[in-house]
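Every heavy atom of this structure was used, including side-chain atoms; hydrogens, water molecules and symmetry mates were not. Residue numbers begin at 1 in each chain, while the letters A, B, ... track the order of the sequences.
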There are 2 protein chains.
Amino acid sequence: MMTTPADATTEQRTPLNRERVLRAAVEVADGGGIESLTMRNLAQHLGVEAMSLYYHVANKEALLDGVVEVIVSEIREAVASDEGPDPEEGWKTAMRTRILTARTVLLRHRWAPEVIEKRSTMSPAIVLYYEGVLEIFRKGGFSYDLAHHALHALGSRALGFTQELFQPDGNADEQVGEEMLAEMANELPHLFGMLSEIAHDDPDSTLGWCDDQAEFEFGLDLMLDGLERVKESR
Amino acid sequence: MMTTPADATTEQRTPLNRERVLRAAVEVADGGGIESLTMRNLAQHLGVEAMSLYYHVANKEALLDGVVEVIVSEIREAVASDEGPDPEEGWKTAMRTRILTARTVLLRHRWAPEVIEKRSTMSPAIVLYYEGVLEIFRKGGFSYDLAHHALHALGSRALGFTQELFQPDGNADEQVGEEMLAEMANELPHLFGMLSEIAHDDPDSTLGWCDDQAEFEFGLDLMLDGLERVKESR
DNA sequence: ACCTGAACACCGTTCAAGT
DNA sequence: ACCTGAACACCGTTCAAGT
């Protein structure tokens, strides 16, 4: 029995390409976390043998570079399509909305910040993104020198993330409990005081876990306000 | 031939313990980077079989947790022994010197920031370190609420590091060359302008690579000045 | 109490070979 | 041009066993 192109059975198989491999890699990471992104697992997800991937991608390093490209491109599209305020009047709000837009993309790919930070080779997409950030600074009247400092100061915050050092641990058991709080009182008086007050102000916060979004914006505004002041004073 | 305790041959072997395993792990990472820190390699470094490590450490995760403890303890010792200015008069300089001291330790273990950031479980040493940071804020007159925001805003900066997104790539070939700069002019006009100016101001900077320490301090001061302002205005 | 040998499941990757 | 099978070196880890 011959299989014609129009054959309705499921045996059609569009050949792989780099693009499809990278998109699938993002899917795999979205679904099962970054540690589930192995060459073998990715291949299986694509209905192919692991070795086939090496035809489209040099090795795993290159795969991860490509994955970063996909994510940062998604950020650039999001940023391009929501057209914030004109940077010429109000660079600060223009920057702010851009960065918070970028952040919404990263919140859909929570594994991505870690991967982005580990790649030290600067990818084209990231360079393009920072070109846009720099454009806003320039249109807002920053000197190149100050804008340069600003890029360093912002760091990954410009892309919409900071790595939180204290993460809400997956299992709820490890939350700070009443007894543990009491135990802290002697050894860690200041942290004890702080967490007690936070727990009092917001009893729903399960003690000490915080609104990441609000904290991100607080830190971001601190930076942006600081940059504004430095700019005025020069 | 019997081997007495006083035997001068090299066959003495102090038994392992958790402490020695962790210290050796730091040594291995210092010497060959974090990717050289495998159970087998660490064991060899200690003159022992890989499986012996599991007697002293539950698994590799626990090993890395322990390694973070060692590093952060080293930070705490450094910070304790250099006794900065009294936080009651001048929390800002107290904080600044503490953080820059912490940074000197991390510069001796360049692989450590990455490991610290990946551990989401909050280790005792880190908690103790942040207790000290919080103490400075409190003695400087911060409310718990503002101090809490401040801890989030500082993030890993409080420990002395930020992950630079654009790293000076190991091989000098990849430096931004003249031709590459020219190529940028159309696609990346603002980055082109910025790098040109930086190259002009500091011809030794091999185009675009920057003084990490100066940039770290710039960002840190931005944060600290911003916190001071917010504090005054409340 | 402390260490080991053999073995397992799972990585990334090479290479020669298939269609 | 695109994909595969077999094989290799190297992971972390278990388990039963040695002293």
Side-chain angles (χ1 to χ4, degrees), chain A residues 1-5 7 9-26 28-29 31-68 111 114-115 118-119 121, chain B residues 1-5 7 9-26 28-29 31-68 111 114-115 118-119 121:
Chain A
M1 172 182 164
M2 279 177 58
T3 309
T4 71
D7 195 326
T9 63
T10 47
E11 204 38 71
Q12 85 291 51
R13 184 191 228 157
T14 28
L16 240 43
N17 56 42
R18 194 182 131 88
E19 177 82 8
R20 277 189 57 215
V21 169
L22 297 182
R23 292 204 178 286
V26 170
V28 168
I34 191 62
E35 78 282 356
S36 75
L37 181 55
T38 67
M39 299 301 269
R40 286 170 159 87
N41 195 11
L42 172 57
Q44 189 182 342
H45 191 82
L46 285 161
V48 106
E49 297 299 315
M51 303 75 209
S52 310
L53 301 175
Y54 288 86
Y55 189 81
H56 302 98
V57 130
N59 50 34
K60 186 158 188 192
E61 290 288 286
L63 176 74
L64 290 177
D65 285 340
V67 161
V68 168
W111 48 271
E114 186 184 319
V115 179
K118 193 131 63 181
R119 315 274 85 204
T121 60
Chain B
M1 172 181 168
M2 279 178 54
T3 309
T4 71
D7 196 325
T9 63
T10 46
E11 203 40 69
Q12 86 291 51
R13 183 191 230 159
T14 29
L16 241 43
N17 56 40
R18 194 182 130 87
E19 177 82 9
R20 278 188 55 216
V21 169
L22 298 182
R23 293 205 178 286
V26 170
V28 168
I34 191 61
E35 78 282 355
S36 75
L37 180 54
T38 67
M39 299 301 270
R40 285 169 159 87
N41 195 11
L42 172 57
Q44 189 182 342
H45 191 81
L46 285 161
V48 106
E49 296 299 317
M51 303 76 208
S52 311
L53 301 175
Y54 288 86
Y55 189 80
H56 302 98
V57 131
N59 50 34
K60 187 158 188 192
E61 290 288 286
L63 176 76
L64 291 177
D65 286 339
V67 161
V68 168
W111 47 271
E114 186 184 319
V115 179
K118 193 132 60 179
R119 315 275 86 202
T121 60

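Atom CG in B/Leu46 sits roughly 14 Å away from atom C1' in C/dC2 (whole-Å rounding). Remark: C1' of C/dG12 and CG of A/Leu64 are 12 Å apart, rounded to the nearest angstrom. D/dA1 atom P lies 18 Å from atom CZ of A/Arg18, rounded to whole Å. In this structure, CE of A/Met51 is placed 14 Å from P of D/dC8, rounded to the nearest angstrom. Distance A/Arg40 CZ to D/dT4 P: 14 Å, rounded to the nearest Å. Going from atom CD of A/Glu35 over to atom P of C/dG12 covers 12 Å, rounded to whole Å. If you take CG of B/Leu42 and P of D/dT13, they are 13 Å apart, rounded to a whole angstrom. One atom, CD of A/Glu49, and another, C1' of C/dG18, lie 13 Å apart when rounded to the nearest Å.
Between the side chain of A/His56 and the main chain of A/Leu16, a donor-acceptor pair closer than 3.5 Å is present. Formation of a donor-acceptor pair under 3.5 Å by the A/Arg20 side chain with backbone atoms of A/Thr14 is found in this model.
When each of B/Thr38 and A/Ala50 is assigned the nucleotide of DNA chain D with its nearest heavy atom, A/Ala50 is the one assigned upstream, toward the 5' end.
Looking at heavy-atom distances under 4.0 Å, A/Met39 makes contact with sugar-phosphate atoms alone, never a base.
Taking the side chain as every heavy atom from C-beta outward, B/Trp111 and B/Val67 approach each other to under 4.5 Å. Looking at B/Arg23 and B/Glu19, their side chains come closer than 4.5 Å, going by heavy atoms from C-beta outward. Inter-residue side-chain proximity for B/Arg119 and B/Glu61 is flagged as met; some heavy-atom pair is nearer than 4.5 Å.
Surrounding CD of B/Glu114 are more than 12 heavy atoms belonging to other residues, nucleotides or ligands, all under 6.0 Å away.
Nearest heavy atoms, B/Arg18 versus B/Val57: NH1-CG2, 4.4 Å.
With rounding to the nearest 0.5 angstrom, the CG atom of A/Leu46 is 10.0 Å from the CG atom of A/Asn41.
A heavy atom lying under 4.0 Å from DNA chain C marks the following residues of residues 52-63 of chain A, by number: A/Tyr54, A/Asn59, A/Lys60.
Both key distances under 3.5 Å define a Watson-Crick or G-U pair, and stretches of 3 or more such consecutive pairs in DNA chain D run C:4-8 with D:12-16, C:12-16 with D:4-8.
Remark: of the listed residues B/Leu64, B/Leu63, B/Asp65, B/Val68, B/Leu63 is the sole one forming a side chain to side chain contact (heavy atoms under 4.5 Å, CB included) with B/Leu22.
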